[in-house]
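Below is one structure; the comments refer to it alone.
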Amino acid sequence: MTEPKRYLVTAALPYANGPLHIGHLAGAYLSADAYVRWLRLMGKDVVFVCGSDEHGAAITIRAKKEGIAPREIIDKYDKIFRETFKKIGVSFDIFHRTSSELHHETSQEFFRDLLKKGEFTVQESEQYYDEEANQFLADRYIIGTCPNCENPEAYGDQCENCGNSLSPTELKNPRSTLSGNSPILKKTSHWYLALDKHEAWLKEWIDKGEVNGEQLHDASRWKNHVLGQCRSWLEGGLQPRSMTRDLEWGVDVPQELEGSDGKKLYVWLDAPIGYISATKQWAKDAGKDWEPYWKDKDTQLVHFIGKDNIVFHCIIFPAILKAHGDYILPKNVPANQFMNLEGRKISTSKNWAVWVHEYVQEFEGKEDELRYNMFKNMPESRDSEFTWKNYQETNNNELVNNLANFINRVVVLTNKYYGGEIPKFDENIDFTASRSDSETSFHETELLDLHDRLLEVVTALSEYDFRTGLNELMSISSSGNQLLQFNEPWAKQKTEPERVKAVMNAAIQIVGALSVVCRPFLPFTSDKMREMLNLPAIKDNGELATLLENLAEGKPVIEAGHQIGKPVHLFTRIADDVIEQQIEKLMSSAPVDASTNYEPVKETTTFDDFMKMDLRTGVILEAEKMKKADKLLVLKVDLGFETRTVVSGIAKFFKPEEIIGKRVTVLANLAPRKLRGVESQGMILMAEDADGKLGFVSPDEGFGGGFVVK
RNA sequence: GGCGAGGUAGCUCAGCUGGUUAGAGCGCAGCAUUCAUAAUGCUGAGGUCGAGUGUUCAAGUCACUCUCUCGCUACCA
C-alpha cells in the first residue's frame, strides 16, 4: 500500500445532551487529536472534522420534559463542546453541527441518492395515529381489549393477562394512552436500507481488508475488539434496517417523497453524514475542494470512536458509503474501550464523572497534565481506570520529576555556564553516551540516537499506539537525565570545560527535539518550551519531518550560538489537598445528584382504584434461579391461604438461598403472566433507589403470609 | 442464556503469526549524587502469565472445559 496523499480524520460526534467527561476524551478525542497533530508535524495534508450530534429521540424527550425547545438544549451543549475542546487543546479543523442547513441538505441529498440507486425498500404498514397528539403511536402507547381473553387493558404489543403477543391492530376498541382518544389507522411507510445485500462484501472487508479482491487495508492492524464485534454482527446475519423514524426533531425525509410527512432520518444515518457535511463546510471556509477527502482512493480515512459506536462505523456507515458508490471506506477504526473512574463506571445520570469543562476551569493551565494522564491510561484495548491519586502521581513523578526537571536542569545550566548561549564545542571530544554508558560515544552518535528515538514515537503514533508513543517520549527525556548524570557537568565544569560544552550542547538538542515531538500529546507544553528556548513557534506544518531529516544528516536541532531564554517550571507539583478536594467533590456530588433524581409523582388516582389492588403479606418458601435468564428468580411464596409461584427480576441483587424465609409484600390479584415459560402468579413489591438497587418491602416480624396490606 | 472483549509483577498496562532465564512505567528497598521543582542515576526484590485438561520437541501465545470482569442482547408486571 502506498503512502496516502491526504488524510481525513473524524472523531465521534458528541451527542448534544450533556457535557463532556474524561471518558469522552479518553475514548476518542485525544487519540484523534494526537494522531492529527502528528500528521501535521509530518507535513501531511490532513483534515480533522467533528461536530455536535443534535438530533434524535433523547433530545426531544428531554426538551418535552423540561418544557423547552430542543434548540435550547443543543445550543447550550454545542457551546460547551466548542469551549471545552478548545481549552483542552483538541485541534479540530472544523467543529460543525448536524442542525445546520448544510448538514440537512447533505443528508437529504445522500438519502435521495441511495433511493435512486435502489438501496432502500419501502415497507408500508398501517399504524395507529393519534390525531390530537398529532403523532403515530408506538405499540406501548395503545391500549385495547385483548382478542383472546377479553382483557380490556391489553397493550398494543402484548396482553399481560393471557401473555399472548399482539399487534396493535388486533386490539378491540383501541385507545391512545396519550390522549385517551381512539386513534385512527393511517398508512405509514418507512425506508429500509437493504443491509443484507451488503453482507457478503462487508465480511470480506472486515476479515481481510479486501473488497472485490482489492486490498484496501491490513485487517490485522485493526483492533481485536473491533474485529470481534463486527464479526459477531455479521455472523448473526444482517437485516434490512429502517433509516427513517416518526419523529418531530431531525432531518426531514425529502419532502417530495410520498409518505414523507412527519418523517425524519434515523439519527444513525444522519450523524455519520455529519462528518461529510462538516468536511464540506470546512472546504467552503478554507476555499478547498471537499470531494477528494471523501472520494479519492489516495485518501486515508480514519474514524476515532468509543467502543459503543463500533457497528455503526464499521458496518452500517461503510455499507452506506459503498452503496452510494463514490465514497472511500475507512482505513481503520481504532475504537477505544471505556474509562472507569475511581473503581466505578462513569455515569452522567449519577454524576459520577470528571467533567472536562469543570476541569479546565479548576485546573486552568494544567490542560496537558490531564492529557498526559489520559494518554498514559488510554483504554486502547481494554477498559481502563482514572483515579485522582494516579493523576497526581503521573503528574508529580513523571511530568515534574522526569520531563520538566530535565528541561529545567539543562536551561539552568546553560544560563549559568554560558549566559544562555548554546556552546560551540570540539567535535572530537568524547563524552559518555546516554543509553550505552560507554566512553566511545560522541556528539554525532547522540544525534543519530535521538533521530531513532523520535522515529519510535512516530512509528507508535502511526500505529495508533498512543500509550507506547508517550512512553517513548518520556524515555527520551529519561535519556537526557542520564546524559547529565553520567557526565556530571556540575563537577567537570572546572576541570574539563570543553567536554562539558559538548555534553550541554547534546542535552539542549534533546530539549529542542522534545519541544517538537511532545506536541501531539502536550501541545501547550510544546508552546511553552519553544518560548523558553527562544525558538519560533511551531506552525504544525512539517516541523517534525524536517527535524528527522536534519538529524539523519547529522545536523543539530538547534545551532550553537543560539540564545535561549530563562528557565520556567513547565509543570508543578500537585499537592495532596488538591487531590483530596477533588475526590471529596466527586463523592459528595454523586449521591446528592442521585437524590434529586426522584421519579416524579404519578397522576392522582382514586381510592377506589387503589382498593382494586389486593396487596398481601407473604413469606418466601423457596427460591431458585431461572435458567437461561440473568435477572429472574422463581419464587414460591406462602400467602397463608395458598402458595403461589412468582417470577421476579431480582436475581442481580439477591441470591436464592439468602432470601428464603423473607417476608414480602405481594400484589395478589395481578393477572398471571408467563415469563420464560413459567407462569408468574403475582408480583413482589420492591423498592428501587436511584442507582437501580432493589430492596424488599417487608412487613414487620411476626406477620405470616396472607394478611391484607392497605 | 447467546455473542463479543478481557483476566500477565503492589498499581497501570506491553507481549505480532507458539521457541533461549516473561517485559515497561509507576511504587518499593539499597547504593551513588546535588546542576535541578527533596528532583536525578545505578542496582535489586517482586509474577506457578484466572483455574484445569489437552495438542506439540516446545504454550502467556493454539484447542476444550470451568471461573471472574466489562460490553451488546434476551428475560426484570
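None of the values given here were measured: they were computed from a predicted structure. The chains referred to below are lettered A, B, ... by the order of the sequence lines, with proteins before strands, and numbering in each begins at 1.
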Side-chain-base donor-acceptor pair under 3.5 Å for A:Asn471 and B:A24: no
Salt bridge (charged side-chain N to carboxylate O under 4.0 Å, His left out) evaluation trace for A:Glu380 with A:Lys223: CA-CA 9 Å; A:Glu380 287 177 346; A:Lys223 295 188 186 189; 5.8 Å; no
Hey, are [X] and [Y] close enough for a salt bridge, meaning a charged N less than 4.0 Å from a carboxylate O?
X        : Y        : answer
A:Asp383 : A:Lys345 : no
A:Lys203 : A:Glu199 : yes
A:Asp207 : A:Arg231 : yes

Pick base, sugar-phosphate or nothing for [X], based on heavy-atom distances below 4.0 Å to the nucleic acid.
X        : answer
A:Ser475 : nothing
A:Val647 : sugar-phosphate
A:Tyr417 : nothing
A:Ser384 : sugar-phosphate
A:Ala404 : base
A:Val412 : sugar-phosphate

Trace of the salt bridge (charged side-chain N to carboxylate O under 4.0 Å, His left out) decision for A:Asp609 with A:Lys612: CA-CA 5 Å; A:Asp609 278 347; A:Lys612 284 180 190 165; 3.0 Å; yes
Under 4.0 Å protein heavy-atom contacts per nucleotide of nucleotides 4-9 of chain B, with B for base, S for backbone only and - for none: SSSSB-
To the nearest angstrom, how far is [X] atom [atom1] from [N] atom [atom2]?
X        : N     : atom1 : atom2 : result
A:Glu380 : B:U12 : CD    : C1'   : 12 Å
A:Tyr372 : B:U12 : OH    : P     : 17 Å
A:Asp630 : B:U73 : CG    : C1'   : 10 Å

A:Gln563 atom CD: more than 12 heavy-atom contacts under 6.0 Å: yes
In B:G71, glycosidic geometry as syn within 90° of 0 or anti otherwise: anti
Among B:C76, B:U37, B:G71, the nucleotide that comes nearest once only the side chain of A:Lys345 is considered: B:G71
B:G19 and B:A59, which share atom name P, separated by this distance in whole Å: 11 Å
